[in-house]
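Report on the structure given below.
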Amino acid sequence: MTDSKRLKSQAAFAKAKRLIPGGVNSPARAFHGVGGEPIFISHASGQYLFDIDGNRYLDYIGSWGPMILGHAQPQVIEAIRIAAEKGTSFGAPTENESRLAELIMAAVPSIERVRLVSSGTEATMSAIRVARGATGREKIIKFAGCYHGHVDSLLVAAGSAAATLGVPDSPGVTAGNTKDTIVLEYNDPQSIVDTFRQFPTEIAAIILEPIVGNMGTVVPTPEFLKALRQETTQHGAVLIFDEVMTGFRVAYGGAQSLFGIEPDMTTLGKIVGGGLPLAAYGGKASIMDNVMPAGKVYQAGTLSGNPLATAAGATTLEILRDDPPYEYLETQASRLAAGLKNAADAAGFPSQMQRMGSMMTLFFNEAPVVDWPTANRSDRKRFGKYFWGLMEEGVYMPCSQFEALFFSRTHRPEDIDETIDAAHRVLARME
Ligand code: HOZ
């Protein structure tokens with residue numbers, strides 16, 4: 001995109017940088033992974049984003065996952081409007097919180113009790129605390145390249161913007177914060193067995209993205225999944241699936257419904273809030289009943305179960321339940337994946353297309369990506385050129401090699417075709 005097409009965004013970014021660290025309120029949106037500066041959004045509708053310079057983009061970020069119904073979905077907007085007219089926050093219980101809890105529990109049967117919070121970070125932080133409280137143990141296992149928000153104890157070898165910016169271990173996170181965090185490689189079942197052999201009674205929980213989105217899309221092997229469930233069960237540890245990204249995305253019941261594995265706890269975010277700040281954690285009643293005031297593990301929030309967010313989330317889940325888009329998304333996703341891969345092949349660039357439902361990543365990589373070391377061998381520079389080429393074409397992809405793209409039910413087959421054609425043009429002129 002030529003500079004003259006985004007003068008207003010440039011001015012807005014210059015101003016924001018004087019006011020906000022790095023000009024953004026979350027590093028993933030800063031475009032550091034691709035060079036250059038972010039565009040500033042004016043509004044969005046259906047499959048399109050519009051920036052403040054008046055450029056229109058086919059959106060493949062979807063607010064990093066939530067917008068599965070497309071932007072400004074009329075029923076969701078109406079639900080928010082009705083809720084807002086009744087008051088925006090009470091700090092007291094409402095019936096809509098139970099409406100959303102019931103929807104979550106019906107969709108994800110492993111969740112027997114659920115607590116609503118405001119962000120994915122809160123959900124994973126709380127799940128870890130509850131798992132520790134319930135087991136009386138301190139150690140946790142996470143996997144390199146998985147990202148679970150900016151929880152201190154989980155901000156080790158993290159994916160997403162931490163990986164993009166090359167700071168998978170953040171300053172400010174103390175050795176004390178992470179001394180009980182054991183980091184293993186994704187898709188390595190033997191390391192799980194070995195770690196439990198070393199610490200048979202000390203591990204409170206394993207947390208993972210059951211399909212990774214935060215080092216780009218990486219799918220677990222059956223052996224890895226089997227070892228996770230077997231070892232945690234055998235040693236009395238809590239298996240936590242972080243389905244913030246995959247919940248209601250890869251299937252209505254999340255990744256666990258596809259793999260037929262029941263985790264002990266699940267974290268949800270993004271789609272469950274219908275585009276408003278809402279997330280959730282839940283699981284077996286015997287574990288969740290440790291949460292205060294039912295139990296002794298403290299967790300709280302003034303805006304938890306906020307009435308606007310529960311209205312948006314419950315309406316979104318009801319639409320997804322009553323008129324599921326998943327078959328349509330699968331058809332279009334397989335077309336998009338094949339088209340993007342063909343475009344890379346035609347241009348002679350080694351690449352791997354990795355996908356699960358409507359989340360996918362084209363890695364500029366010679367070999368399949370199965371864990372962080374293999375993801376890390378991807379050609380970031382080539383990805384940056386691809387990203388900016390697509391921006392020129394009006395296609396807004398995730399601004400990092402280590403993120404998944406998402407699309408919505410409002411993306412029409414002709415939008416997918418347009419995207420594939422754009423990718424062919426972009427890749428053909430890249431060196
Ligand atoms: N969890 C999002 C995808 N990796 C990133 C959103 C953000 O950090 O702003």
Side-chain angles (χ1 to χ4, degrees), residues 13 16 20-34 37-41 44 49 59-68 117-125 127 142-152 154-168 170 173 186 207-218 241-250 254-255 267-273 275-281 354 356-361 363 369 372 375-376 378 380 383 387 396-408:
F13 190 48
I20 300 167
V24 291
N25 281 310
S26 191
R29 62 186 76 159
F31 282 27
H32 276 283
V34 289
E37 296 186 350
I39 51 167
F40 275 56
I41 306 305
L49 273 186
D59 181 17
Y60 286 96
I61 295 185
S63 186
W64 301 99
M67 311 317 300
I68 192 167
V117 292
S118 300
S119 72
T121 293
E122 270 186 76
T124 55
M125 176 185 74
K142 82 167 287 273
F143 296 94
C146 283
Y147 176 71
H148 307 287
H150 57 97
V151 180
D152 280 349
L154 299 173
L155 210 49
V156 202
S160 191
T164 302
L165 298 174
V167 285
S170 171
V173 174
Y186 203 80
I207 186 167
L208 77 154
E209 297 178 75
I211 298 161
V212 192
N214 284 296
M215 54 177 146
T217 308
V218 176
F241 273 12
D242 179 353
E243 297 230 40
V244 166
M245 229 180 229
T246 50
F248 304 101
R249 166 59 64 180
V250 294
T267 56
L268 296 165
K270 301 192 188 278
I271 292 174
V272 76
L276 267 69
L278 185 143
Y281 69 97
Q354 301 195 185
M356 188 61 90
S358 57
M359 60 186 278
M360 70 183 80
T361 304
F363 289 98
V369 173
W372 174 244
N376 199 24
S378 303
R380 294 164 163 85
F383 181 85
F387 170 84
Y396 188 69
M397 287 283 174
C399 46
S400 165
Q401 174 71 99
F402 306 120
E403 299 282 3
L405 77 77
F406 302 102
F407 66 95
S408 74

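Just follow the structure's listing: the first ligand is 1, and inside any ligand the first atom is 1. Residue indices begin at 1 and follow the sequence shown.
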Measure the shortest side-chain to side-chain distance between [X] and [Y] over non-hydrogen atoms and say whether it is less than 4.5 angstrom.
X    : Y    : result
Q401 : F363 : yes
Y186 : W372 : no
F406 : I68  : no

Pairs under 3.5 Å, N/O atoms on ligand 1 and on the protein: can you put them in a table with the distances?
from, atom 1, to, atom 2, distance (Å)
ligand 1, 1 (N), K270, NZ, 3.3
ligand 1, 4 (N), S160, OG, 2.7
ligand 1, 4 (N), N214, OD1, 2.4
ligand 1, 4 (N), E403, OE1, 2.6
ligand 1, 4 (N), E403, OE2, 3.1
ligand 1, 8 (O), S26, OG, 3.1
ligand 1, 9 (O), S26, OG, 2.5

Fill in: Sequence-distant partners of S63, side-chain contact (heavy atoms from CB on, under 4.5 Å), two or more places apart
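side-chain contact (heavy atoms from CB on, under 4.5 Å) check on S63 returns P66, M67.
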Practice prompt. Return the set of residues passing side-chain contact (heavy atoms from CB on, under 4.5 Å) with A255 (not counting sequence neighbours), or none when no residue passes.
Written response: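 A255 satisfies side-chain contact (heavy atoms from CB on, under 4.5 Å) with P210, I211, E243, T246, V250, F259 only.
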Distance-only donor-acceptor pairs under 3.5 Å for side chains of residues 142-152, two or more places apart:
from, atom 1, to, atom 2, distance (Å)
K142, NZ, C146, O, 3.1
K142, NZ, V156, O, 2.7
K142, NZ, A157, O, 3.1
H148, ND1, D242, OD2, 2.7

